Participant: 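The structure is given below, and queries will be raised subsequently.
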2 protein chains.
Amino acid sequence: MNISIDFAPAQSQNYTVFIDALERLTLRGKVAIVTNPKVAGLHLASLLARIDADEVYVITVPDGESHKTLQNVEMILENLFMHRFDRNATLIAFGGGVVGDMTGFAAAIFQRGIRFIQIPTTLLSQVDASVGGKTGVNNRFGKNLIGAFHQPSAVYCQSEFLATLPAREFGAGVAEIVKMAVTFDADFVAYLENHPLSTPSHLREAIARSIAIKARVVAEDEKEAGVRAVLNYGHTFGHVIENETGYTAFLHGEAVAIGMRMANALAQKLGYLTQTECARIEKLLEQYGLLFRYPVQNPERFYNAFFLDKKSLNATITFIVPKSIGGYAIVKDAPKETVLEVLREFDR
Amino acid sequence: MNISIDFAPAQSQNYTVFIDALERLTLRGKVAIVTNPKVAGLHLASLLARIDADEVYVITVPDGESHKTLQNVEMILENLFMHRFDRNATLIAFGGGVVGDMTGFAAAIFQRGIRFIQIPTTLLSQVDASVGGKTGVNNRFGKNLIGAFHQPSAVYCQSEFLATLPAREFGAGVAEIVKMAVTFDADFVAYLENHPLSTPSHLREAIARSIAIKARVVAEDEKEAGVRAVLNYGHTFGHVIENETGYTAFLHGEAVAIGMRMANALAQKLGYLTQTECARIEKLLEQYGLLFRYPVQNPERFYNAFFLDKKSLNATITFIVPKSIGGYAIVKDAPKETVLEVLREFDR
């Protein structure tokens with residue numbers, strides 16, 4: 001069974017996300033596959049065998065969020081110029097979110113934009129990072145602070161690449177699936193509660209449903225002027241956690257899982273979520289090993305860090321919280337004291 | 001008399017180019033004016049007096065094409081992060097094309113895109129660089145090789161800023177005006193022949209007509225998939241000249257003027273332009289001191305340099321040449337030998 005989901009962002013070309021449909025990839029012009037050493041060792045041969053193009057190059061970037069830098073994007077660009085790539089070329093991002101974000105950004109700014117294809121190899125990037133067109137890099141001030149909106153021309157999600165995924169990375173991907181379900185689709189939450197994702201067919205179904213939700217959101221709001229911000233559920237808190245721990249202690253999805261629980265606690269205090277609903281989400285996260293302890297050392301400092309996050313406009317911090325199961329609220333007026341309470345109490 | 005010209009690029013927000021209409025500029029959020037030391041010394045006080053915003057910052061970048069680098073864009077971004085700019089901020093490009101291209105690119109990639117306003121202070125940037133949304137930087141492989149399409153939210157062309165423009169820079173701007181006229185509008189060519197641009201009212205008229213032509217072109221083809229390439233008349237040759245001379249011997253418009261004459265010679269050989277028409281254009285350029293000697297040292301090397309220029313797809317080089325006065329031809333099949341002849345003969 002092949003699944004394909006159409007993306008129709010308002011200001012860009014439409015494109016399709018294919019699930020388990022990558023047989024041959026025929027491309028005109030020069031092609032560069034950007035990947036990391038580990039993915040290349042495991043899966044590059046299998047990808048190369050399926051690519052049909054005049055000239056194919058491979059560029060590796062170091063793995064890990066700390067290497068998602070403008071310097072590495074420059075390195076990618078240097079390689080392209082060296083091999084005389086032109087506007088007719090295609091980049092292929094072959095890896096997780098780090099590879100995808102940098103490759104997409106390189107494609108966005110190489111000669112003011114060339115085609116790129118996402119072939120995500122982690123669960124997290126399959127359900128989230130590879131679709132929607134957000135590209136960019138980190139700097140010392142925070143995550144994804146430099147970047148562009150640049151939609152891929154196609155996305156291929158292959159379950160074969162997930163077979164080698166370490167358990168922690170699998171869990172980190174589940175966190176983003178739970179995120180989509182909790183804020184947009186109560187039926188999907190019930191599905192996740194009753195269909196363990198260790199079963200391949202359940203996993204495919206969950207990936208497809210997550211991507212379909214994201215496609216709807218991006219079609220409505222490509223450049224994050226409105227509803228797309230809801231995808232940041234768990235991220236406002238999560239980004240600060242990643243920053244405080246130097247991007248090393250937690251994977252992105254793990255930090256988001258902690259962030260969702262903080263957001264849930266806030267939702268409870270603001271009356272959007274009952275104790276019972278909150279417990280349901282905790283249980284779902286627990287099933288996939290996503291209950292991490294994160295005692296906040298310094299709530300005041302944690303709070304101030306929100307203001308450096310790009311999602312906050314001026315002095316207003318926007319929190320996305322669940323509104324019952326399957327809904328969301330965009331909270332722009334959370335009292336500082338209430339947020340500090342959440343942070344102080346969060347010694348789980 | 002205030003003139004305003006509406007830009008309606010297909011994939012971006014509409015915006016307006018205002019001529020001599022800058023009285024007060026009221027902006028929400030933080031504002032950074034990016035300028036160069038010379039323009040700042042001459043005109044910054046007058047601009048600052050007209051800006052109404054909560055917080056205004058000024059960032060200067062070194063003047064000159066050789067400083068249009070990714071490193072300087074990073075420097076601009078660093079300043080913005082340092083002062084906690086967010087997505088609600090506005091950048092103002094206050095200077096010539098170098099300042100405009102870098103500021104626009106910084107605005108394009110700061111948190112995936114924020115507003116920017118162009119206030120061009122050179123004739124060249126008023127009639128060309130500041131409108132149309134091309135932004136970017138150079139690197140060692142060539143000009144504008146890294147960049148993005150990012151339209152300004154408004155453009156203000158003020159003739160007061162042209163009063164301090166050195167004569168050479170004025171001529172360089174005239175070159176782009178002639179470029180527009182020759183390829184798009186025979187009436188405009190006749191106007192230029194009979195109305196010396198040293199008269200302020202003629203100059204304003206010429207600026208407005210040039211911008212109006214560009215607005216039509218950009219509305220039809222924002223991302224340079226077709227007719228927008230015609231704006232490169234003189235540029236395919238011109239870029240190589242700039243590169244060969246290390247961006248120091250000629251101003252951009254001057255190199256374009258030489259490039260137009262090379263393109264005219266090619267047009268004559270290919271039968272698009274008569275001797276008489278060619279002479280008319282030469283005379284117009286002569287009027288503004290735009291007949292430079294540029295004996296091509298090594299025609300073969302010059303020819304090979306085309307392939308590094310981003311406008312060439314694969315092995316095809318696209319030349320834009322005038323088709324009589326007021327028209328154009330997009331030539332994709334010029335025989336190499338004919339182009340070499342043009343280069344060999346061009347010892348004027």
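All values reported here derive from a predicted model rather than from experimental measurement. Throughout, protein chains are lettered first and strands after them, A, B, ... in sequence-line order, and every chain is numbered starting at 1.
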Participant: Quick one: what part of B:Glu55 sits under 4.5 Å from any heavy atom of chain A, side chain, backbone, both or neither?
Facilitator: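 Neither part.
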Participant: Within the 4.5 Å heavy-atom criterion, are B:Gln11 and A:Gln13 side-chain neighbours or not?
Facilitator: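 With C-beta onward as the side chain, the pair stays apart.
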Participant: Can you tell me which portion of B:Ile146 sits under 4.5 Å from chain A's heavy atoms? Options are side chain, backbone, both or neither.
Facilitator: both
Participant: Checking A:Leu77 against chain B: side chain, backbone, both or neither under 4.5 Å from a heavy atom?
Facilitator: side chain
Participant: Please flag which part of A:Phe141 lies under 4.5 Å from any non-hydrogen atom of chain B: side chain, backbone, both or neither.
Facilitator: side chain
Participant: Check B:Thr135 against A:Arg112 and note the closest heavy-atom contact, atom names and distance.
Facilitator: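 Taking B:Thr135 first and A:Arg112 second, the nearest heavy atoms are O-NE, 3.0 Å.
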Participant: Under 4.5 Å heavy-atom distance to chain B, tell me which part of A:Asn139 shows up: side chain, backbone, both or neither.
Facilitator: side chain
Participant: Does the side chain of A:Phe105 come within less than 4.5 Å of B:Ile109's, by heavy atoms?
Facilitator: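 When only atoms from C-beta onward are counted, A:Phe105 and B:Ile109 do touch, with a gap below 4.5 Å.
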Participant: Which pair of non-hydrogen atoms, one from A:Arg84 and one from B:Phe307, has the smallest distance, and what is that distance?
Facilitator: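 Between these two residues, the closest heavy atoms are NH1-CB, 3.8 Å.
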Participant: Given heavy-atom pairs under 4.5 angstrom as the criterion, report whether the side chain, backbone, both or neither of A:Glu78 touches chain B.
Facilitator: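 Both backbone and side chain.
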Participant: Report which part of A:Arg28 has an atom under 4.5 Å of a heavy atom belonging to chain B: side chain, backbone, both, or neither.
Facilitator: neither
Participant: Mind checking the CG-OG1 spacing from A:Asp86 to B:Thr316? Nearest 0.5 Å is all I need.
Facilitator: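 Going from the CG atom of A:Asp86 to the OG1 atom of B:Thr316 covers 9.0 Å.
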Participant: Report yes if the side chains of B:Glu74 and A:Glu74 come closer than 4.5 Å at any heavy-atom pair, otherwise no.
Facilitator: yes
